[in-house]
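These notes concern the structure reproduced below.
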Amino acid sequence: KKLSIGLTGRYMKKIETDFQVRKDLKHIFAVSLFLIFLLILISYRNFYSVFLIGFVFLSSLFWAIGAIELTVGYFNPATGFLLVVFAVLGIEFTINLFNRYLEERGRHKDSFESLKVVVKTTFVSNMLITISIMSGFSALIFYQVEGLRNFGFSSLIGLRIEISPIIHMR
């Protein structure tokens, strides 16, 4: 007979659960991105809009992820959930700005002038929205649970990075 030896117990269960949560988060993130881009395609009815919105949105999202990796050092299940949160919050800003840009372009302005008007007219509201979201998430920094503390800290960094292109355009 063959004798097999394996690991079990609390620590092994924790490793298995962590692996499953990471796998689920990757799947959820991919599905959320697919649904976001499908909605953009259905709404605007052209691939140019999907490309333009997607490029701006994914650029800010990847910068935020990079900043979190550099500061926190890793994604645990709690901070990994931030990918979906950033996707939802980031696409809201991007679509709002894109709609405003299309409105200004419809008034027969050139691209750069339209962009300047959009940034000027939406800067204060976008900053207030971002600051209020950051304030809400910052409460998590005071939790004793490391995962939630990292979630709060990472959300502050990530949201700051996501809004920085608008700040620097002003």
Gap separating the [atom1] atom of [X] from the [atom2] atom of [Y], nearest 0.5 angstrom:
X	Y	atom1	atom2	value
Y101	N99	OH	CG	13.0 Å
L52	N46	CG	CG	9.5 Å
L128	S135	CG	OG	10.0 Å
T94	E92	OG1	CD	9.5 Å

Query - Any donor-acceptor N/O pair, S43 side chain to I40 backbone, under 3.5 Å - result: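 Judged by distance alone, no pair lies under 3.5 Å.
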**Report entry** Donor-acceptor pair between Q20 and D24 side chains, under 3.5 angstrom
**Finding:**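 Yes.
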Query raised in the report: Taking C-beta and beyond as the side chain, do I36 and I53 meet within less than 4.5 Å on heavy atoms?
Result: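 Not in contact.
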Query raised in the report: Side chains of N126 and L97: closer than 4.5 Å at any heavy-atom pair?
Result: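 Yes, side chains in contact.
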Say whether [X] and [Y] are linked into one hydrophobic cluster, either directly or through other cluster members, by side-chain heavy-atom distances under 4.5 angstrom.
X	Y	answer
F19	M12	no
F62	F51	no
F98	V56	no
L39	L33	no
F57	L102	yes

Over all heavy atoms of both residues, which pair between [X] and [Y] is shortest? Give the atoms and the distance, please.
X	Y	result
I141	R149	O-CG, 2.8 Å
F37	G54	CE2-CA, 3.4 Å
Y44	I95	OH-CG2, 3.7 Å

Requested in this report: Could you tell me which residues satisfy side-chain contact (heavy atoms from CB on, under 4.5 Å) with S125, sequence neighbours excluded, listed by chain and number?
Outcome: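 Residues passing side-chain contact (heavy atoms from CB on, under 4.5 Å) with S125: T122.
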Query raised in the report: Between R100 and V117, is a side-chain contact (heavy atoms from CB on, under 4.5 Å) present by the stated rule, with each step listed?
Result: CA-CA 9 Å; R100 285 288 298 126; V117 170; 4.3 Å; yes
